[in-house]
Amino acid sequence: MTGAPAQRVVVAGASLGGLRAAEGLRAAGFTGEVVVVGDEPHMPYNRPPLSKEALAGDLAFSALEFRRRKSVDDVTWRLGSAVAEASLGTREVVLTDGSVLPFDGLVVATGLRVRRLTLPAPEGGRYAVRTLEDAVALRADLRPGARVVVIGAGFIGCEVAATAVGLGCEVDVVAPEDVPMQRPLGPEVGAAMRRRHEAHGVRMHLGRLPAVVEARSTGADADPGRVGAVVLDDGTRLPADVVVEALGCVPNTEWLAATGLDIADGVRTDGWMRALDLEGRPRPDVVAVGDVARFPNALFDDVPRRVEHWSIPTDTAKRAAPALVAGLAGADPDPAPFAPMPSFWSDQYGARIQSFGSLGVADTVRVLEGDLDGEFVAGYERGGDLVGVVGVGLMPSLMKLRAEMITALQPR
């Protein structure tokens, strides 16, 4: 007598979220086939060093590759070919190489891609930083004396600027915001970060947008295929040997366009990371993890949000994997609320900016300890309740506040 065929879960995306989802499926008792599909040729690796250590010096891939649990030794890795489309009706995904993979369960872990300039511009000397290859190519152009224009003043843009200055480059940063890292940090802390950058020689052009990217058209090194300058919307002309586009990211969800899922800003999910359709109904056979997922966090409220923090792929995969295993078995998921504590860090000029909580929901920011131009802890409050902290140094204070927030915000 033949038993039922083994179930297959396809994990679309082979970065940290995809790896943690595969490990989570095995930890949740799934014994069927797991196939992880990724567009890059590499096994999952750590991306934060790409804008820091990987630019500052040679960093071997072996130092970036994540260690994998033995439980995923039997997982199939389909690398170098992305998922191009999906059908939930036939339960199949089609890869860019034309392959068709049937599935019983689907994990959406396709992450983000870098937003690029829409202005006409030469290709030579233009970079974004998202992949290992991006970092390797940019590193070759960050020579002492190189004129670098960074477009965007979020964390990636500021990290690249700090790294480039450390390599002896001349750096200009252009962004429409009033202060660097304004969206995550707010105006007061962002202004302090501006002072740190300017103290190291970075020239900030804030409240400005690029209007024209010129080719290198004059001089002995004229080359119409390489950038030569960036002209701002106020007429300021910034000579440039290198232009780094750090304009934020876009969720990779186009391949889900025909599925009927809510993909307005990433994949909207419920508190079990189950993908929701346009009527708000969860799919027991589809979950989303990482920064492509838009989910509610019970620590703060029931508003679904995408969170682009390094901790989120692991947190969401730990929630999504057992929910998917339960869904495939026709069982209910764990009723406990999903309440992860978001965290991120950014290394700039030898100082680590560390954060816990959800800064974006705050309505007030206060310096709780120290000085913004040195070591400090800033508290982010909503209605008088602490919902986030940011600090440079003073880690014992930060960890104490993190523990207090977890206790105070824990859903009851």
Side-chain angles (χ1 to χ4, degrees), residues 50-52 55-56 114-117 119 121 125-129 138 141-214 227-249 308 344-353 355 359-360 365 367 371-376 378 390-392:
L50 296 180
S51 54
K52 300 182 280 290
L55 289 186
V114 178
R115 184 180 283 112
R116 301 302 300 264
L117 279 175
L119 297 173
R126 285 178 57 200
Y127 299 96
V129 182
L138 174 57
D141 262 358
L142 295 183
R143 297 180 292 271
R147 300 166 299 180
V148 178
V149 175
V150 179
I151 302 175
F155 283 111
I156 297 298
C158 287
E159 289 170 357
V160 170
T163 302
V165 164
L167 292 170
C169 302
E170 299 177 18
V171 180
D172 292 273
V173 173
V174 178
E177 295 84 9
D178 296 327
V179 298
M181 298 168 278
Q182 179 171 319
R183 185 172 66 87
L185 298 181
E188 186 176 9
V189 178
M193 295 300 109
R194 175 178 184 167
R195 294 192 291 272
R196 290 175 187 251
H197 279 273
E198 290 177 335
H200 284 84
V202 174
R203 296 179 291 266
M204 291 279 179
H205 307 268
L206 301 175
R208 300 266 66 92
L209 291 169
V212 178
V213 180
E214 296 179 351
V227 297
V230 176
V231 181
L232 307 187
D233 56 0
D234 65 353
T236 301
R237 185 176 182 275
L238 305 176
D241 302 303
V242 176
V243 173
V244 181
E245 299 169 28
L247 304 169
C249 295
E308 298 179 17
F344 70 79
W345 75 92
S346 178
D347 295 323
Q348 299 174 32
Y349 307 111
R352 171 158 291 190
I353 305 164
S355 172
L359 311 185
V365 181
V367 177
D371 182 275
L372 287 176
D373 292 316
E375 293 191 339
F376 71 91
V390 168
V392 172

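Model, not experiment: these values are computed from the prediction.
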- Taking every heavy atom of Cys169 against every heavy atom of Val148, the minimum-distance pair comes out as CB-CG2, 3.9 Å
- Note on the structure: With sequence neighbours left out, the residues meeting salt bridge (Lys or Arg N to Asp or Glu O under 4.0 Å) with Glu214 are Arg237
- Those residues at least two apart in sequence (or on a different chain) that pass side chain to side chain donor-acceptor pair (under 3.5 Å) with Arg352 are Asp347
- For Asp371, enumerate each residue passing the salt bridge (Lys or Arg N to Asp or Glu O under 4.0 Å) test, keeping only those at least two apart in sequence or located in another chain. none
- Message: Under the criterion side-chain contact (heavy atoms from CB on, under 4.5 Å), I'd like the reasoning laid out for Leu359 against Leu185: C-alpha separation, chi angles, the key distance, then a yes or no.
- Response: CA-CA 7 Å; Leu359 311 185; Leu185 298 181; 4.1 Å; yes
- Item | salt bridge (Lys or Arg N to Asp or Glu O under 4.0 Å) partners of residues 142-157, not counting sequence neighbours, each pair once | Asp141-Arg143, Arg147-Asp241
- Query: Looking only at heavy atoms, which two atoms of Ile156 and Ser51 are closest? And how far apart?
  - Reply: CD1-OG, 3.9 Å
- Can you list the residues that meet the ring-ring contact (aromatic ring centres under 6.0 Å, His included) rule with Phe344, with sequence neighbours excluded? Phe155, His309
- So the side-chain hydrogen bond (donor to acceptor under 3.5 Å, both in side chains) pairs with at least one residue in residues 168-182 (sequence neighbours excluded) are Asp172-Arg203, Asp172-His205
- Message: Using 0.5 Å steps for rounding, measure from the CD atom of Glu159 to the CD1 atom of Ile353.
- Response: 8.0 Å
- Separation between CG of Leu142 and OG1 of Thr163, rounded to the nearest 0.5 Å: 8.5 Å
- Message: Which heavy atom of Val149 sits nearest to which heavy atom of Pro239, and what is that distance?
- Response: CG2-O, 4.0 Å
- Item | Side-chain (Glu245) to main-chain (Leu117) donor-acceptor, under 3.5 angstrom | yes
- Task: Please assess Val179 against Met181 for the test side-chain contact (heavy atoms from CB on, under 4.5 Å), listing each intermediate value before the final yes or no.
- Result: CA-CA 6 Å; Val179 298; Met181 298 168 278; over 6 Å; no
Return all side-chain donor-acceptor pairs below 3.5 angstrom for residues 189-199, not counting sequence neighbours, or 'none' if the list is empty.
unit_1, atom_1, unit_2, atom_2, d
Arg194, NE, Glu198, OE2, 2.8
Arg194, NH2, Glu198, OE2, 3.3
Arg195, NE, Asp373, OD1, 2.8
Arg195, NH2, Asp373, OD1, 3.2
Arg196, NH2, Leu372, O, 3.3
Arg196, NH2, Gly374, O, 2.4
His197, ND1, Tyr349, OH, 2.8
His197, NE2, Gln348, OE1, 2.7

- Item | Nearest atoms (heavy-atom pairs only) where Ala240 meets Val243 | CB-CG2, 4.1 Å
- Query: Residues in salt bridge (Lys or Arg N to Asp or Glu O under 4.0 Å) with Arg183, at least two apart?
  - Reply: none
- Query: Nearest heavy-atom pair of Leu119 and Val212: which atoms, and what distance?
  - Reply: CD1-N, 4.1 Å
- Task: Identify the heavy atoms of Arg208 and Leu232 that sit nearest to each other, and give their distance.
- Result: CB-CD1, 4.1 Å
